[in-house]
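For reference, the structure is listed below as structure tokens.
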Amino acid sequence: MRDRVMALLQAGVAAADPGRAVAAHMADVLADPPGPGGGWTVIALGKAARAMAAAALEALPEAEALVITNRGNDAPLARARVLASGHPVPDAAGEAAAREVEALLHRAGPADRVLALISGGGSAMLPAPVDGVSLAEKQEVNRLLLGSGADITQTNLVRQALSRLKGGGWLRATRAPVTALILSDVPGDDLRVIASGPTVSPIGSVADAAAMARRLGIWDRLPGPVQAALSGTRAAEALPPARNILVGSNGQSVAAMIAAGAADGGVPLAGDVEECARALLEVVRDAAPGATLVFGGETTVRLTGDGMGGRNQELALRFARAASDLPGPWVFAAMGSDGRDGPGEAAGGIVDDGTLRRIAAAGLDLEDVLARNDSTPALAAAADLMETGATGTNVADLAVFLRG
Ligand SMILES: O=C(O)[C@H](O)CO
């Protein structure tokens, strides 16, 4: 049963393979070639940038690419300049990369074509603070947003208002027509949110961003220049049109898992992880023997301790606790599609009807584990920790329930 669950998760991850996703859409890209004397400017941003650029360059034998990605994903790539940038905290390397991106975009003329390859993590990797705001101040804003409980849409609304390149900034910076291939790591696949939407219109106005900072309770702690920038009015402008194409997403991965033989679980992985665990249990309670249900999305965890864990590991444990009276055999697994769940090395958790017994046998008190958000050691003690290594893509979280 565990092998079947892992094979389905693997099918979901494979469907989000950045190289394959880009290759599948290069015919669309090539349908709008450069004009006479023009060429391609390829700029890739985010955790999947290198893999996306590699696939694009296969189809563009004359082109070179600028790749901005996080450390660890920054292996050299033929015909590309690969720049490592700070993530999740923006850094000076990212600021220098942002200047290179701007220079390339400015240089491209109307006969050229810009191919933007956008993936998650891009917001932190390309800090381009608006006039009057320093990198250190942007770092502080980042820190405040992370601690405020803001979701990714709220976070990126504020980030966009403080950036030259987010929220359509790439379009403002170039005279060349832009096509963007976008790999989504956000629930709902709002293109304005993914990597803060460099090639689409912003989520809201500067005033909306200021109102959000107030609502999140961080306004009074924002550095003065940031408050000033958020108090200004940036005239709403019509952005040049761009072709924005979603090439991979959580929904597409869930669809691939369904194509591999599972059924749609019908509820998203969303909201508070405990509430989500209970909602999943309600869905699977009446599942017939042999039924396999798949789920996608991203939950949130309210931290009450400082243990080692991640939202998928916590979801797996909370599901096992909620399902204590669910007749076995059953298996439930949840993972981050990037193979990373929280700060450690684990990808997620894979629990079954014996998990609670194994945790107790290891001398652990599950209530205490959950109160300390310490899911990794508990899952490891039950031989239920999932470790896949980095998968090279990121389309949020995937989960599978299988009834034996
Ligand atoms: O970079 C970001 O903003 C997040 O990963 C969402 O795409």
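One-based numbering, in listed order, for ligands and for the atoms of each.
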Next item on the list: Within a distance under 4.0 Å of any heavy atom of Val186, pick out the atoms of ligand 1 and give their elements.
Entry: 6 (C), 7 (O)

Note to self: Tell me whether the rings of Phe332 and Phe319 are parallel (<30°), tilted (30 to 60°) or perpendicular (>60°).
What the structure shows: parallel

Margin query: Applying the side-chain contact (heavy atoms from CB on, under 4.5 Å) criterion to Asp341, which one of Met386, Glu387, Arg311 satisfies it?
Written below: Arg311

Note to self: Distance under 4.0 Å to a non-hydrogen atom of Ala195: what atoms of ligand 1 satisfy this?
What the structure shows: 1 (O), 2 (C), 3 (O), 6 (C), 7 (O)

Next item on the list: Test Ser253 against Asn250 for side chain to side chain donor-acceptor pair (under 3.5 Å), laying out the working first.
Entry: CA-CA 5 Å; Ser253 285; Asn250 189 268; over 6 Å; no

Item checked: Which atom of Glu58 lies closest to which atom of Pro61, heavy atoms considered -> O-CD, 4.5 Å

Note to self: One residue to check: Thr155. Relative to ligand 1, which of side chain, backbone, both or neither has a non-hydrogen atom less than 4.0 Å away?
What the structure shows: neither

Item checked: Candidate list Pro187, Cys276, Pro268, test side-chain contact (heavy atoms from CB on, under 4.5 Å), partner Thr299, passing option -> Cys276

Note to self: Heavy-atom distances under 4.0 Å decide this one: backbone, side chain, both or neither, for Ile152 against ligand 1?
What the structure shows: side chain

Margin query: Name the residue from Thr179, Thr199, Asp32 that meets the side-chain hydrogen bond (donor to acceptor under 3.5 Å, both in side chains) definition with Arg243.
Written below: Thr179

Checklist line | For atom 2 (C) of ligand 1, closest protein heavy-atom neighbour | finding: Ser123 OG, 3.2 Å

Margin query: Students should be able to answer this: which protein heavy-atom is nearest to atom 4 (C) of ligand 1, and at what distance?
Written below: Asp185 OD2, 3.6 Å

Check: Has Arg159 got any heavy atom lying under 4.0 angstrom from an atom of ligand 1?
Finding: yes

Next item on the list: Could you tell me whether Gly120 and ligand 1 have an N or O pair separated by under 3.5 Å?
Entry: no

